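Below is one structure, written out as structure tokens; comments come after it.
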Amino acid sequence: MKGRTMCGALSAADEGRRVILAGWVNHRRDHGGLTFIDLRDHTGVVQLTFNPETAEEAKRVAERCRLEWVIRVEGVVALRPEGSENPNLPTGEVEVRADRCEVLAQAQAMPLGVGDEAVADERVRLQYRYLDLRRPRMQRNLRARHRFIKALRDAGDRLGFVEIETPTMVPSTPEGARDFLIPSRLWPGHVWALPQSPQLYKQLSMVGGFDRYLQIARCWRDEDLRADRQFEFTQLDLEMSFVEEEEVYSVLEEMVSTAWEAAFQVTPPTPWPRLPFAEAMRRYGSDKPDTRFGHELCEVSQVFASSEFQVFRRALDQGGAVVALRVPEGAQLTRGELEGAFLEVARTYGAQGLAYCWQRDAGLEGGISKFLSEAEADRLRQELGLTAGDLVLFTAGPRQTALVSLGQVRLHAARRLGWIPEGRFDFLWVTEFPLFERDPRTGEVSPMHHPFTQPHPDDWGLLRTEPEKVRSRAYDIVCNGVELGSGSLRITDPRQQAEIFSVLGFSEAEVATKFGFLIEAFRYGPPPHGGFAAGIDRMVMVGLGESSIREVIAFPKTQTGADPMTGAPTRVAEAQLAEVGLRLAAPPPPS
RNA sequence: GGCCCCGUGGUGUAGCUGGCCCAACACGCCACCCUGUCAAGGUGGAGAUCGGCGGUUCGAAUCCGCUCGGGGUCGCCA
């Protein structure tokens with residue numbers, strides 16, 4: 001619109017200026033004579049006044065206006081009469097005395113509150129997402145997301161990265177997450193898949209001599225949705241040649257902290273601490289520890305080495321562990337709460353139970369204290385540094401289970417007791433992840449990151465004998481207890497790659513079919529390389545303090561994987577299916 | 001596939017230990033009044049059979065079952 005001024009930009013300095021404004025009616029106050037309209041555009045809100053004595057026609061239009069109508073007005077910026085300034089409004093010193101008003105579009109009554117921060121049911125918000133997006137919160141979130149991505153691209157450009165687009169129609173691979181499949185019309189009986197990540201393409205661009213690859217890449221995974229997971233998500237995808245871990249770390253630290261500053265006006269200090277996986281598990285019971293607060297776990301198996309307490313005895317006899325968490329001022333937690341919500345958390349993560357007792361002036365009391373000997377109590381006090389008023393929580397069982405479940409209890413306690421400081425972003429690198437994990441049911445090993453990850457050079461000897469003990473050169477970025485991304489140094493030696501595939505139980509024929517092109521490429525001088533993929537949605541979510549990824553995605557899906565706005569997924573005509581060679585097994589619609 | 005929470009006019013909520021509720025309040029909507037408000041105010045009005053189905057009961061928004069939808073979560077997510 002020619003000559004348009006933005007609402008939020010007006011201030012006392014504009015006094016006397018004639019302006020053209022356009023936007024939505026955020027609010028209307030009609031005094032019969034004088035009419036006020038708060039006009040909103042994405043920059044803010046400004047008050048318009050319509051005076052029947054000086055602008056009769058405009059005033060008549062204004063009094064017809066309703067919430068969310070779109071109008072164009074002309075008028076003169078004026079200081080508000082003394083005493084009628086609004087200190088709650090950035091433009092509250094001024095108003096625009098409108099003499100022309102044109103309705104550009106009317107609006108029906110809104111199905112949800114738009115102008116304010118009132119929160120509607122999420123289903124309604126998604127059904128009318130285009131209205132939800134008008135709300136200040138969504139405007140803020142998506143604009144911050146834009147600045148974040150722009151800053152990542154700019155930083156990448158400065159650091160010598162080249163953005164390369166990779167295909168969104170790729171071969172399906174059965175490993176990893178479930179693929180979204182696309183039928184191939186031209187190749188009956190064949191399918192494409194949407195990429196779970198551009199992993200192999202970015203490695204091949206290393207072979208292709210682009211030694212710093214970057215992409216803001218859309219990825220798809222057909223798995224159940226969560227607060228921090230959608231079918232489709234966006235990642236900052238990077239790959240670098242001739243690097244080792246520290247070079248990857250410093251590039252990510254530079255890019256992310258720069259973008260964080262651009263989008264969230266906070267600069268996370270760098271470098272970020274490095275924490276080996278094994279230590280993260282031992283201290284926090286998690287591979288994505290929230291390090292904004294202490295209260296670390298403490299293994300106390302030694303204390304109970306000769307315990308008579310059956311629960312601990314059994315765990316230790318079976319080669320497991322007893323883990324404890326000291327909760328200062330835990331006296332405020334009641335038995336009911338410990339055996340309710342706290343126990344529930346422990347059970348959800350596999351613990352059989354949650355033992356507890358209190359340290360009082362006289363010694364250990366309550367809970368399991370009666371099963372502990374005096375020596376054990378003394379040793380425990382010493383190990384944990386207990387003082388009167390403390391609560392001690394225990395899990396016992398297989399070491400991993402005991403650690404993970406108590407780690408989750410630690411997080412629950414932190415929220416319950418207010419241990420988590422506001423406004424902090426504690427970034428860290430979790431390093432030396434295991435190369436493989438073993439499925440407890442089938443006993444099979446599978447890659448923890450992906451099968452192209454380099455093993456730790458010291459651990460090659462364990463590959464055949466104890467593969468689950470092999471460390472990898474994979475690393476994660478974690479912030480405030482959220483996994484923001486992961487990466488690794490890759491294998492480029494075809495013989496080493498064959499060795500890994502062999503441990504994973506892939507036949508040579510399988511490898512040739514699925515990854516033949518990669519192995520082939522690595523016979524033509526692949527540079528050593530490694531990279532990273534960081535979840536943009538999650539980073540923006542954490543940066544903005546949102547607790548759901550859907551708050552930073554313009555048009556997300558519901559948890560059940562649908563879009564209430566468009567009604568997708570939809571059925572299509574038989575003919576359309578037949579054309580691409582599909583016949584669906586789903587039952588006919590109930591109609 | 002499992003577990004947990006939620007579902008009342010357009011929106012947000014109250015009622016939910018059954019009858020006083022053919023449902024209340026706020027915002028929005030409609031009409032009228034009102035020249036300085038900014039959650040404007042005043043008067044009047046329209047609008048929900050309480051997600052759906054079935055059951056218990058003399059009687060259900062309120063109890064039970066199933067189901068649908070939304071959210072959280074375990075599994076799953078190389």
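Throughout, protein chains are lettered first and strands after them, A, B, ... in sequence-line order, and every chain is numbered starting at 1. Keep in mind the model is a prediction, meaning the values are calculated, not measured.
- The shortest distance between the side-chain N/O atoms of R29(A) and the OP1/OP2 oxygens of U37(B) is not below 4.0 Å.
- E344(A) comes within 4.0 angstrom of nothing in the nucleic acid, heavy atoms only.
- Within the 4.5 Å cutoff, side-chain heavy atoms of E232(A) are placed close to those of K557(A).
- G12(B) and A48(B) have their C1' atoms separated by 14 Å, with the value rounded to a whole Å.
- Using a 4.0 Å heavy-atom cutoff across all strands shown, R125(A) reaches no nucleic acid atom at all.
- Within 4.0 Å (heavy atoms only), L126(A) reaches no atom of the nucleic acid at all.
- Centre separation under 5.5 Å together with a plane angle under 30° holds for the ring of H31(A) and the six-membered base ring of A40(B), marking them as stacked.
- Between R135(A) and the phosphate of U11(B), there is no side-chain N or O to OP1/OP2 separation shorter than 4.0 Å.
- Distance check on atom C1': A61(B) versus G7(B) gives 12 Å, rounded to whole Å.
- Taking only side-chain atoms of D224(A), from C-beta outward, the nucleotide of G70(B), G72(B), C76(B) with the closest atom is C76(B).
- U62(B) and U17(B) have their C1' atoms separated by 10 Å, with the value rounded to a whole Å.
- Ring centers of H31(A) and F36(A): under 6.0 Å apart, within the cut-off.
- Judged by distance alone, with hydrogens and angles left aside, R229(A) brings a side-chain donor or acceptor within reach of the base of C77(B), the pair sitting under 3.5 Å.
- R471(A) and T431(A) share no side-chain donor-acceptor pair at under 3.5 Å.
- A donor-acceptor contact under 3.5 angstrom links the side-chain atoms of E95(A) to the base of G36(B).
- The pair D38(A)-R29(A) counts as a salt bridge, with a side-chain nitrogen and a carboxylate oxygen less than 4.0 angstrom apart.
- When heavy atoms are screened at a 4.0 angstrom cut-off, E85(A) is found touching base atoms of the nucleic acid.
- Spacing between C74(B) and C63(B) at atom P, rounded to whole Å, works out to 30 Å.
- OP1 or OP2 of C74(B) lies within a sub-4.0 Å distance of a side-chain N or O belonging to R226(A).
- Comparing S446(A) and Y349(A) along RNA chain B, the residue whose closest nucleotide (by nearest heavy atom) sits nearer the 5' end is Y349(A).
- Protein atom CD of E122(A) is 15 Å distant from nucleotide atom P of U11(B), rounded to whole Å.
- For R97(A), taking side-chain heavy atoms from C-beta onward, the closest of the listed nucleotides G36(B), G72(B), C76(B) is G36(B).
- As judged by a 4.0 angstrom heavy-atom cut-off over every strand, D222(A) is placed among residues making no nucleic acid contact.
- Spacing between atom NE2 of H27(A) and atom P of C38(B) amounts to 10 Å, rounded to whole angstrom units.
- If you check every strand for non-hydrogen atoms under 4.0 Å, T348(A) touches sugar and phosphate atoms only.
- When the side-chain nitrogen and oxygen atoms of Q559(A) are compared with OP1 and OP2 of G72(B), one or more of them lie within a distance under 4.0 Å.
- E63(A) places its CD atom 19 Å from the P atom of G41(B), with the value rounded to the nearest Å.
- In this entry the distance linking CZ of R347(A) with P of G75(B) reads 17 Å, nearest Å.
- Put simply, CZ on F180(A) is 14 Å from C1' on C76(B), counting in whole angstrom units.
- Here the P atom of nucleotide U73(B) and the CD atom of Q408(A) are 11 Å apart, to the nearest Å.
- In this structure, CZ of R28(A) is placed 7 Å from P of C29(B), rounded to the nearest angstrom.
- Within 3.5 Å, a donor on the side chain of R80(A) pairs with an acceptor on the base of U37(B), or the reverse.
- For G70(B), the OP1/OP2 oxygens have a side-chain nitrogen or oxygen of T560(A) closer than 4.0 Å.
- D121(A) comes within 4.0 angstrom of sugar-phosphate atoms only, judged by non-hydrogen atoms across all strands, and of no base.
- Contact annotation for P81(A): base contact, defined as any heavy-atom pair under 4.0 Å involving a base atom.
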